[in-house]
Protein chains: 2
Amino acid sequence: MHDVPNKNKKISLTQVASAAGVSKMTASRVLRGEGGYSEKTRKLVMEKVDQLGYLPNRLAAVFAGDKTSTFVGVSIPELGNEVFSQVLEGIDRKLGTFGHQTVLGLTQHTAEEEETWISTVLSWQPAGLILTGRLHSPRATELLRNAGIPIVEIWDLNSSPIDMSVGINHFDAGFDMGRYLVQCGYRNLGYVGTSHDIANAATTRLAGFCKAIESGGGQVTKQLCLHDSASYYPGFYGTEQLLASGTDIDAIFYQNDAMAFGGLQFCTGKGLCVPGDIGIAGWGDLPIASVLAKRMTSMHVPHLKLGQAAAEMMIARLSGEPVGDVRDIGFKLIPGSTVRNLAGLS
Amino acid sequence: MHDVPNKNKKISLTQVASAAGVSKMTASRVLRGEGGYSEKTRKLVMEKVDQLGYLPNRLAAVFAGDKTSTFVGVSIPELGNEVFSQVLEGIDRKLGTFGHQTVLGLTQHTAEEEETWISTVLSWQPAGLILTGRLHSPRATELLRNAGIPIVEIWDLNSSPIDMSVGINHFDAGFDMGRYLVQCGYRNLGYVGTSHDIANAATTRLAGFCKAIESGGGQVTKQLCLHDSASYYPGFYGTEQLLASGTDIDAIFYQNDAMAFGGLQFCTGKGLCVPGDIGIAGWGDLPIASVLAKRMTSMHVPHLKLGQAAAEMMIARLSGEPVGDVRDIGFKLIPGSTVRNLAGLS
DNA sequence: TTGAAAGCGATACCAA
DNA sequence: TTGGTATCGCTTTCAA
């Protein structure tokens with residue numbers, strides 16, 4: 001049908017070698033650029049490679065060398081939350097630079113999905129694993145401990161990781177946000193987020209937040225955890241639900257900026273002034289925040305950098321360089337203008 | 001350190017078999033549930049599997065069986081554009097349901113990156129490939145034609161695909177949007193998008209858009225293609241640049257809703273009324289559109305469904321079911337309120 | 001119902 | 001600078 005010479009025919013190294021009139025070992029050496037052959041031989045072999053359209057079978061190579069593959073398994077809860085798509089982008093770009101491939105796993109925030117995915121991906125002899133979150137099922141934990149490959153747990157900083165960890169301390173980040181709102185004079189707080197079957201970073205953040213509010217003499221009157229994705233519309237209707245309950249909330253903390261923007265739109269639509277009538281605080285300093293007229297009160301976390309850092313730790317470990325176990329990537333409060341700024345911060 | 005029996009030891013099928021006192025063929029049969037063994041044997045083998053913590057080596061299995069793996073390579077231009085993260089989510093979830101794994105490739109919209117990635121991923125003997133876009137380098141095209149595995153080209157509908165294709169006709173979609181704006185009375189249009197080294201769906205869309213505008217007696221006075229990602233802030237500053245050029249534009253068409261929202265924010269910030277002073281049309285009907293006070297004029301495309309459809313075609317093909325070559329997933333104009341609605345559509 | 005032997009495509013190791 | 005041979009973990013094939 002198409003006049004390509006090798007349609008649907010798999011060419012093996014042996015065929016290349018015999019076409020070039022050398023042994024397959026020589027051909028193998030040339031292809032790996034390992035050295036130990038003459039320039040003439042190299043040319044001859046490469047010529048045949050092009051001619052025959054030879055594609056190496058990496059499966060066989062890994063298998064023969066008793067090595068791991070260049071795969072890195074990466075688990076992410078969901079892509080609908082922009083936070084995680086940024087992290088994934090950071091990881092994949094960096095891994096790609098070093099010749100590794102991402103094998104993706106969307107766990108939908110469940111430990112069960114994660115466990116299934118871990119055992120499958122391990123059977124492909126990956127070079128390493130990058131996992132979002134620190135909570136795994138008992139069997140998953142055992143699999144990970146026995147895997148004998150580098151493992152980076154990201155997002156929620158883990159002071160005693162299975163192997164390595166990159167992220168931030170979400171309790172502290174939540175606490176800082178709570179403390180800031182207290183400083184701004186808020187006492188009667190609400191929270192809108194999403195819930196999942198396993199405790200996660202957002203839960204930890206909320207715990208830190210509550211702690212700070214309570215320490216400051218306030219309280220988190222109403223916490224709403226929707227069974228939905230952490231996106232714009234859930235922020236919108238979550239706010240509606242929260243305010244409908246009639247409690248006299250003076251500010252709302254959201255799981256991320258997307259939800260916060262949804263909430264902002266709901267409030268504005270109802271004729272509420274932000275921050276005059278109600279304060280709004282988001283999380284993540286997501287791209288949308290950069291175009292809003294009022295800077296969103298939020299917490300900046302370098303998501304892309306976090307992903308890159310995770311990939312870098314992985315690669316350093318794979319190349320035998322010394323790597324620290326734990327890396328705190330940091331966060332930064334964005335005071336913004338969607339809460340009253342009595343704190344005098346800028 | 002941990003009292004697990006098999007820490008860092010790889011258990012092979014042979015070891016399981018000898019522990020169970022059977023041959024490795026019997027053990028292999030049990031593990032694959034292939035039949036041809038007694039219940040007693042099955043129990044015995046499975047017991048040892050649990051005891052030893054055996055994890056199969058799928059690399060070896062694929063290799064031995066001379067089959068393809070359960071990998072499906074999926075190339076996506078970028079995750080920063082929410083359109084693509086939705087498509088990817090649709091693909092991965094569906095593939096996962098059928099026991100396949102996504103090997104991700106972010107091509108950054110370049111044919112060169114795509115080519116490199118294709119040849120790498122092919123060397124892992126994937127079951128199939130799902131590629132975003134229809135334009136590939138000559139070598140990539142040859143590799144794809146010779147790969148002998150199912151290939152789905154998504155996003156930009158391809159009437160003569162390499163193998164299969166799912167998506168929409170972007171020219172038609174762009175044309176429809178253009179025609180609608182003409183019907184609404186707009187004649188002097190602007191465009192803000194991003195550019196890449198290869199022509200892509202957005203380019204095709206723009207071509208259709210221009211065609212419609214010109215057929216209607218208008219013109220697309222200014223087209224801005226930024227070297228940036230198709231996100232909020234580029235929409236914002238792109239609009240600034242466009243309007244600074246002084247041409248008397250009455251409406252702007254954007255590459256997607258995120259950019260359009262950025263533009264909307266810029267216009268509003270400058271005191272322009274939308275759609276009174278200027279019309280704004282986005283693309284994709286992205287999640288943010290659901291919380292805006294004014295419904296964004298846009299084009300709905302079922303991104304998640306598109307991803308799922310691609311995965312379904314792949315799986316149907318892999319299981320030998322008959323599959324059509326081309327599937328049009330459709331689009332739907334959202335008239336919205338960010339353009340003057342003289343057309344009387346609702 | 002079970003097992004023994006061959007072989008998948010490459011690399012490691014040792015010899016020439 | 002080159003080549004022969006064993007081997008990786010599993011499945012296929014054929015025989016018992």
Side-chain angles (χ1 to χ4, degrees), chain A residues 6 9-46 48-49 52-71 119-120 122-127 147-148, chain B residues 6 9-46 48-49 52-70 119-120 122-127 148:
Chain A
N6 55 338
K9 271 168 225 145
K10 297 238 165 141
I11 306 294
S12 75
L13 185 59
T14 311
Q15 291 170 61
V16 172
S18 69
V22 298
S23 76
K24 62 177 178 172
M25 266 319 300
T26 301
S28 170
R29 280 191 271 257
V30 169
L31 277 157
R32 280 175 296 149
E34 192 216 46
Y37 43 80
S38 66
E39 174 58 17
K40 194 178 137 199
T41 309
R42 197 193 62 78
K43 263 191 178 152
L44 192 60
V45 171
M46 292 313 287
K48 293 301 169 191
V49 164
L52 299 169
Y54 169 69
L55 263 191
N57 183 338
R58 310 268 271 112
L59 241 51
V62 168
F63 181 49
D66 198 26
K67 286 182 280 206
T68 58
S69 65
T70 51
F71 292 131
S119 69
T120 303
L122 280 179
S123 71
W124 291 109
Q125 319 298 119
Chain B
N6 55 339
K9 271 169 224 145
K10 296 235 167 146
I11 305 293
S12 74
L13 225 204
T14 312
Q15 291 170 62
V16 172
S18 68
V22 298
S23 75
K24 63 176 177 176
M25 262 322 298
T26 302
S28 170
R29 279 190 271 255
V30 169
L31 277 157
R32 281 175 296 147
E34 191 217 46
Y37 43 81
S38 67
E39 175 58 16
K40 195 179 135 199
T41 308
R42 196 194 63 77
K43 263 190 178 153
L44 193 59
V45 171
M46 292 314 286
K48 293 301 168 190
V49 164
L52 299 170
Y54 169 69
L55 264 190
N57 182 338
R58 309 268 271 113
L59 240 53
V62 169
F63 179 50
D66 197 27
K67 287 182 279 209
T68 58
S69 65
T70 52
S119 69
T120 304
L122 280 179
S123 71
W124 292 108
Q125 319 300 120

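Chain A is the first sequence line, chain B the second, and so forth, proteins listed ahead of strands; every chain is numbered from 1. Quick caveat: nothing in here was measured; it's all calculated off a predicted structure.
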Give A/Tyr37 one of three labels, base, sugar-phosphate or nothing, depending on what nucleic acid heavy atoms sit under 4.0 Å from its own.
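Counting heavy atoms under 4.0 Å across all strands, the contact made by A/Tyr37 is with sugar-phosphate only.
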Protein-nucleotide distance ([X], atom [atom1]; [N], atom [atom2]), rounded to Å:
X        : N      : atom1 : atom2 : answer
B/Glu34  : C/dT1  : CD    : P     : 12 Å
A/Trp124 : D/dC10 : CH2   : P     : 13 Å
A/Leu31  : C/dA12 : CG    : P     : 14 Å
A/Glu39  : D/dT1  : CD    : P     : 11 Å
A/Leu55  : C/dA10 : CG    : P     : 10 Å
A/Arg58  : C/dC8  : CZ    : C1'   : 18 Å
A/Phe63  : C/dG9  : CZ    : C1'   : 10 Å
A/Gln125 : D/dG9  : CD    : P     : 9 Å

List the residues meeting side-chain hydrogen bond (donor to acceptor under 3.5 Å, both in side chains) with B/Lys24, not counting sequence neighbours, and say none if there are none.
none
Taking only N and O in the side chain of [X], is any of them less than 4.0 Å away from OP1 or OP2 of [N]?
X       : N      : value
B/Tyr54 : D/dC10 : yes
A/Thr41 : D/dT2  : yes
A/Thr14 : C/dA10 : no
A/Arg32 : C/dA12 : yes

Closest-nucleotide ordering on DNA chain C, the 5'-leading residue of A/Lys67 and B/Gly36:
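Upstream on the strand: B/Gly36.
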Mind checking the OG1-OH spacing from B/Thr14 to B/Tyr54? Nearest 0.5 Å is all I need.
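The OG1 atom of B/Thr14 sits 8.5 Å away from the OH atom of B/Tyr54.
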From B/Ser23 atom OG to B/Arg29 atom CZ, the distance as rounded to the nearest 0.5 Å
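B/Ser23 OG to B/Arg29 CZ: 6.5 Å, rounded to 0.5 Å.
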For the residue pair [X] and [Y], what are the closest heavy atoms and their distance?
X        : Y        : value
B/Pro56  : A/Ser123 : O-CB, 3.2 Å
A/Gln15  : A/Lys10  : NE2-O, 3.6 Å
A/Ala127 : A/Ser69  : CB-O, 3.2 Å
A/Leu13  : A/Ala27  : CD1-CB, 3.7 Å

Taking the side chain of B/Ser38 as heavy atoms from C-beta outward, which of C/dT2, C/dG9, C/dG7 is closest to it?
C/dT2
DNA chain C contacts among residues 20-30 of chain A, heavy-atom distance under 4.0 Å:
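DNA chain C contact set from residues 20-30 of chain A: A/Lys24, A/Met25, A/Ser28.
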